[in-house]
Amino acid sequence: MQLLLASHVLPWLSSLWSPQSQAQLQPTACDSLSLPSIPGIKILSLTSHEVTHYHPPSTPDTDSIPLINTTSTTTPPDLSFCNVTIHLTHSPSDHDTVYISLWLPPASAWNGRFQATGGGGLAAGYFPGPQVSALVEGYATGATDGGLTLNNTIEPQTGSWALRPNGTLNTALLTNYAHRSIHDLAVIGKTLTAQFYGRPANHSYFKGCSTGGRQGYFAAALYPNDFDGIVAGAPAIHLPHLFSELFWPPLLMTHSVVPRGCVLEAFRKKLVEVCDPLDGAVDGLISGYWPKKCVQGFQAGGLVGSVVECAEGNRTEKVVVTDAHAQLVQRILDGPRLGDGRKLWHAMAPGASFKGTAGTAVVNGSVVVQPFFPVIGWAKNFVFQDPAYDVMGMGFEDFDEAALVSIEKFQGLLGSEQHYLGEFRDAGGKMLSWHGLADELIPPLGTIGYREGVQEDFGGPEAADQFYRLFLAPGVGHCGGGDGPAPVDALAALVRWVEEGVPPETLAAEGVDGKGEKVTRALCPYPAQLVYDGHGDVKKAGSFRCEVLTDE
Ligand SMILES: *[C@@H]1O[C@H](CO)[C@@H](O)[C@H](O)[C@H]1NC(C)=O
Ligand SMILES: *[C@@H]1O[C@H](CO)[C@@H](O)[C@H](O)[C@H]1NC(C)=O
Ligand SMILES: *[C@@H]1O[C@H](CO)[C@@H](O)[C@H](O)[C@H]1NC(C)=O
Ligand SMILES: *[C@@H]1O[C@H](CO)[C@@H](O)[C@H](O)[C@H]1NC(C)=O
Ligand SMILES: *[C@@H]1O[C@H](CO)[C@@H](O)[C@H](O)[C@H]1NC(C)=O
Ligand SMILES: *[C@@H]1O[C@H](CO)[C@@H](O)[C@H](O)[C@H]1NC(C)=O
Ligand SMILES: *[C@@H]1O[C@H](CO)[C@@H](O)[C@H](O)[C@H]1NC(C)=O
């Protein structure tokens, strides 16, 4: 279906872009923009007007950006752009209302490029955060809600959009979420960019993290001609499998013990202490990407009986670590399993904060489980199709069912097993992906598994490297955060690769350590990893080199 749509649209687009028709294009005033008919899409409305002296909100709206820390350290200048708002639907039976926002900087400020931006969790896009950053850098840029806000009436992270009022799955919105909304954004964004400036964008990019990262991978596999370059951070690929990993700690906790966050943090620190030296550098960061060796050498039981100091309001409370705490941590680190012992998915990354999937909070004096919010909506609406389902009351047998149903029902649409990047490669596309090795939500091993699959498809790492590189960032959390240096500007590295043919041999990363001192790394493309030279300053990138270790 989506491929049918693509094959209708692409010839139409390329005719628009032929040198002949390009010569005839003239710039169009902001308030005169219009869309030609696009197969498969019905435009409900298009409004556009000049915005001048726009000051983006200085603090992100935390309700709409729960998953990515987009707090910028610099205040953007005041911005001017052509603000285009589009509402569209697909077939009449779909009943979806998709909202697309495009921001087009004045021709004098335009860098000649288009950038589509992605979403996170159960949202297809964020507003206005990612568009602000893109506009500041001179991009014509856009975002889409994929229709998942139900015409701005619900918070998409609830996942309630997945069901129609009669309780059936909303396949139109699921398709939008999976891949269609970013494709629509690419087609419409590129068309209006060409119309506004009187010539097409020189290059088109996609940038996203988490669900945005997944959208990037899906765009490469399903719409290989949409983007010249894709930055995909911490991709939520294998989404149907992720449910089990994300809900495993809450399930274990509701059936055993709910530790204070400080107790879980004490286990994390101990784990880092044990695993950090395995890579040769004592720098507080676990730089190897195979967690097995690390977790095997870690005995959670070693902490039993020790005392953890927990800050509680004004006072400090002493909590004694129990055997139940240790058993819980060991099972979380082992990863989600069915009742019969079969492994469901990778465990959370060792060294990652337990706050991601094993969050707890003290409420009225008792410690309660705080699951990763979107997982609740996923279980209710996507898996059980019952908004009243008591997710926190789930037993182990219900969990087995939920984990298997999640995979069976959504593998086809939202899984990544069938995706092949051959057409993306042939179209000249480049994908720069990265994943924090201390990601507290999405296990980096899933992304590594995907990359391994691509290496097999194309005949080894060098062949895959021609168009797809994956950088692993020690100590970095989900899309940022954590203790490790994070990529400084992955998009700039990608642009150089696409436009100058200079592939990123390493990816510059920067952060601060516990003492507030700057730490740098030149992250390595998988399968290489950072290897310490044995004597240099562990805060400096130059003390490490990239090497493929054959046996860790
Ligand atoms: C978000 O990032 C800013 C700037 O890097 C930092 O000051 C802030 O503490 C971060 N917030 C969270 C919740 O991590
Ligand atoms: C862009 O236009 C839409 C629709 O008129 C409006 O809701 C939105 O606030 C505008 N954005 C800015 C930054 O002015
Ligand atoms: C787009 O590419 C053309 C041809 O290489 C170049 O002349 C032009 O400056 C580029 N446009 C922008 C806005 O950079
Ligand atoms: C979406 O909501 C707006 C009001 O916020 C309304 O004018 C419009 O008709 C709605 N569109 C659809 C398709 O329901
Ligand atoms: C539920 O609603 C959808 C859309 O209105 C409709 O296509 C479908 O046939 C309905 N299914 C049932 C079982 O009522
Ligand atoms: C913390 O101390 C301040 C001043 O000493 C007091 O006003 C406040 O009520 C205390 N808060 C708690 C949670 O005990
Ligand atoms: C805390 O306890 C008070 C009094 O029993 C109750 O009114 C309040 O709702 C409780 N708060 C929460 C968050 O459960």
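Counting convention: from 1, in listed order, for ligands and their atoms alike. What you see is a predicted model; the values in this text were computed from it and never measured. Below, each value reflects all heavy atoms present in this structure, side chains not excepted, and no hydrogens, waters or symmetry copies.
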Q: For ligand 5, what is the set of protein residues having any non-hydrogen atom at a distance below 4.0 Å?
A: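 Near ligand 5, by chain and number: Arg164, Asn166, Thr168.
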
Q: With a distance cut-off below 6.0 Å to the six-membered ring centre and an angular limit of 45° from the axis, does Arg469 pair with Phe471 as a cation-pi contact?
A: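 No - Arg469 does not lie over the ring of Phe471 by the 6.0 Å and 45° rule.
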
Q: With heavy atoms of Tyr54 as the reference, note each atom of ligand 2 found under 4.0 Å away.
A: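 With Tyr54 as reference, the close atoms of ligand 2 come out as 13 (C).
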
Q: Is it the case that ligand 2 has an N or O less than 3.5 angstrom from some N or O of Trp103?
A: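 The answer is no, given that Trp103 and ligand 2 share no N or O pair closer than 3.5 Å.
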
Q: Which pairs, with at least one residue in residues 130-148 and sequence neighbours excluded, count as a side chain to side chain donor-acceptor pair (under 3.5 Å)?
A: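 Output for this query lists Ser101-Gln131, Asp145-Thr149.
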
Q: Tell me if a side-chain donor or acceptor on Thr117 pairs with a main-chain N or O of Pro130 at a distance below 3.5 Å.
A: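 No; judged by distance alone, with no hydrogens or angles, the pair does not exist.
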
Q: List in chain and number order the residues that pass ring-ring contact (aromatic ring centres under 6.0 Å, His included) with Phe81, two or more places apart in sequence or in another chain; answer none if no residue qualifies.
A: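 Listed in chain order: Tyr54, Trp103.
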
Q: Is the Phe410 ring parallel, tilted or perpendicular to the Trp378 ring (thresholds 30°, 60°)?
A: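 Ring orientation of Phe410 relative to Trp378: tilted.
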
Q: Is the gap between the ring centers of Tyr217 and His419 under 6.0 Å?
A: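 They do not qualify: ring centres at least 6.0 Å apart.
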
Q: Output the list of atoms in ligand 2 that are nearer than 4.0 Å to some heavy atom of Phe81, sorted by atom number.
A: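 Close to Phe81: 13 (C).
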
Q: Quick one: ring-ring contact (aromatic ring centres under 6.0 Å, His included) partners of Trp345, sequence neighbours excluded?
A: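 Residues passing ring-ring contact (aromatic ring centres under 6.0 Å, His included) with Trp345: His238, His241.
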
Q: Please say whether more than 12 non-hydrogen atoms of neighbouring residues, nucleotides or ligands are located less than 6.0 Å from CZ in Arg496.
A: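 It does not: Arg496 CZ has 12 such atoms or fewer within range.
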
Q: Show me which atoms of ligand 4 lie under 4.0 Å from any heavy atom of Asn151.
A: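 Atoms satisfying the 4.0 Å criterion: 1 (C), 2 (O), 3 (C), 8 (C), 10 (C), 11 (N), 12 (C), 14 (O).
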
Q: Check ligand 2 against Val51 and write out every atom of the ligand that is under 4.0 Å from a heavy-atom position of the residue.
A: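 Matching atoms, with element in brackets: 14 (O).
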
